[in-house]
Amino acid sequence: MDPAARISQLTGTAVTELQVIGGQHLWRHYRGLLADGRKIFAKISERMLGELFRSEASGLRWMAAARTVPVPEVLGCDESALVLAWVPEGSPGAAAAERLGRDLARLHASGADGFGAPWPGFIASLPLDNEQARGPDAWPQWYATRRLLPFLRRAADAGTLSLADVTAVESVIARISDLAGPAEPPSRVHGDCWWGNVLWSGGRGWLIDPAAHGGHRESDLALLALFSPPHLDRILAAYNEQAPLAPGWQSRIPLHQLHPLLVHACLFGTQYANPVRSAARAALGV
């Protein structure tokens, strides 16, 4: 079935315009127009990807239910396609950045039933273990076993990380309870909240491409900080004013960045070996 027919089948509406605008991982990106006037964005793969797109759709709908940070509306999905409402992209400004900080704080405060999620997890094209854990002290071990260890093993098995890299991350895992900071209840987090997954539209920051789950709110903030985006200071200041962070949160940024850096090592190879080791050492305070 061609892409237009697949989109039409998922939305129940004919496609009048469709063009490829890029792609990544295992799928292509499309921009289109439906016969009823709606503009759409679609991810379409030639392969069946199991629950990957349904997982993203579940995360978007879960975030939308909080009525805090805006996210694209899900118009349809199956094992090889995801169709969303088009969000026209603008430029970031200081006021929009501050609003994103407040919106993100409100999203996190809307909470979750536990750490993890009741749907299969994915980040980019890689599976995430979303098995849930509950309890005020559950996050450190959940993060170590569900987010750090699987990607450490994957990168080590691929030869991406050296013995010194692996040892540094294993030391973090061994000390996770001491490094994690004060216990916090599970937050409703985006899960892959780096700068490339923020769209600016209508004076607000919209979040896309989530790996949403119940997690630690500092993880989303650490991911935002990973690639030095503009207006980060305004985002963090507005967030902290809306929902003050626990003492020492800045020192825990490397701990929360360790997971996405391991993911990058798995996806992109040895260029992320040094950042992984550096983050692990910074988390340990050495």
Side-chain angles (χ1 to χ4, degrees), residues 6-7 9-13 23-30 38 40-45 47-87 100 103-104 106-134 138-139 142-143 145-147 150-151 185-194 196-199 204-217 219-220 223-224 259-260 263 267:
R6 293 159 79 181
I7 292 169
Q9 185 180 66
L10 287 172
T11 62
T13 309
Q24 63 186 104
H25 306 303
L26 305 174
W27 50 84
R28 289 184 174 182
H29 295 164
Y30 294 81
R38 288 179 293 172
I40 61 151
F41 170 80
K43 298 179 181 181
I44 299 180
S45 174
R47 298 169 52 182
M48 293 295 177
L49 302 178
E51 294 298 309
L52 191 151
F53 287 143
R54 290 194 179 100
S55 176
E56 182 174 341
S58 294
L60 286 169
R61 288 169 174 146
W62 187 57
M63 292 168 64
R67 300 184 180 277
T68 55
V69 180
V71 299
E73 179 186 1
V74 178
L75 303 179
C77 69
D78 62 14
E79 291 186 344
S80 61
L82 173 67
V83 186
L84 306 173
W86 179 265
V87 178
L100 175 61
D103 287 346
L104 194 58
R106 291 168 54 233
L107 173 70
H108 293 164
S110 66
D113 291 337
F115 298 104
W119 54 79
F122 290 87
I123 187 164
S125 57
L126 300 178
L128 281 172
D129 186 348
N130 268 352
E131 183 176 342
Q132 290 182 288
R134 292 177 171 85
W139 183 80
W142 180 89
Y143 181 65
T145 58
R146 309 294 177 196
R147 291 297 182 264
F151 294 97
S187 294
R188 189 172 305 214
V189 301
H190 176 280
D192 192 11
C193 197
W194 73 286
N197 285 341
V198 180
L199 288 182
R204 301 184 73 180
W206 293 58
L207 297 186
I208 61 171
D209 293 346
H213 62 278
H216 199 300
R217 62 191 183 128
S219 295
D220 274 352
L223 250 171
L224 275 177
H259 167 241
V263 170
L267 289 171

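Everything quoted here is computed from the prediction, not taken from an experiment.
- Taken from CG in Leu267 to NE2 in His25, the straight-line distance is 6.0 Å, to the nearest 0.5 Å.
- Between Lys43 and Arg28, every side-chain heavy-atom pair lies at or beyond the 4.5 Å cut-off.
- Between Leu223 and Gly191, the closest heavy-atom pair is CD1-O, 3.8 Å.
- Each of Ile44, Leu75, Thr13 was scored for a side chain to side chain contact (heavy atoms under 4.5 Å, CB included) with Ile7, with one residue passing: Ile44.
- Across all their heavy atoms, Ser187 and Arg217 have their closest contact at OG-CB, 3.5 Å.
- Side chains of Pro210 and Asn197 form no contact here, defined as non-hydrogen atoms less than 4.5 Å apart.
- We find the CZ-CD distance between Arg61 and Glu56 to be 11.0 Å, quoted to the nearest 0.5 Å.
- Nearest heavy atoms, Asp103 versus Thr68: O-CB, 3.8 Å.
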| query | Could you walk me through whether Phe151 and Leu128 pass the side chain to side chain contact (heavy atoms under 4.5 Å, CB included) check? | reply | CA-CA 9 Å; Phe151 294 97; Leu128 281 172; 3.6 Å; yes

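- The shortest non-hydrogen separation linking Asn130 to Gly121 is ND2-CA, 3.2 Å.
- The CG atom of Asp78 sits 6.0 Å away from atom CZ of Arg54, with the distance rounded to the nearest 0.5 Å.
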Practice task
Step by step, work out the side chain to side chain contact (heavy atoms under 4.5 Å, CB included) result for Leu84 and Ile40.
Solution key: CA-CA 6 Å; Leu84 306 173; Ile40 61 151; over 6 Å; no

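- Taking OG of Ser45 as the start and CG of Leu52 as the end, the distance is 9.0 Å to the nearest 0.5 Å.
- The number of heavy atoms from other shown groups lying within 6.0 Å of CZ (Arg38) is above 12.
- The residue from Ile208, Leu207, Val71 that alone fulfils the side chain to side chain contact (heavy atoms under 4.5 Å, CB included) condition with Leu199 is Ile208.
- Nearest heavy atoms, Trp62 versus Val189: CZ3-O, 4.2 Å.
- Between Ala112 and Gly214, the shortest heavy-atom distance links the atoms CB-CA, 3.6 Å.
- From Asp209, atom CG reaches atom SG of Cys193 across 11.0 Å, with rounding to the nearest 0.5 Å.
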Exercise. Take Leu82 and Trp27 through the side chain to side chain contact (heavy atoms under 4.5 Å, CB included) test and state the conclusion after the steps.
Key: CA-CA 10 Å; Leu82 173 67; Trp27 50 84; over 6 Å; no

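- Taking 4.5 Å as the limit, some side-chain heavy atom of Leu104 sits within range of a side-chain heavy atom of Leu224.
- Residue pairs satisfying the side-chain hydrogen bond (donor to acceptor under 3.5 Å, both in side chains) criterion with at least one member in residues 108-122, sequence neighbours excluded, are listed as follows: His108-Asp220, His108-Tyr239, Ser110-Arg188.
- The ring pair (Phe, Tyr, Trp, His ring centres under 6.0 Å) with Trp142 is formed by just one residue from the set His213, His216, His259; it is His213.
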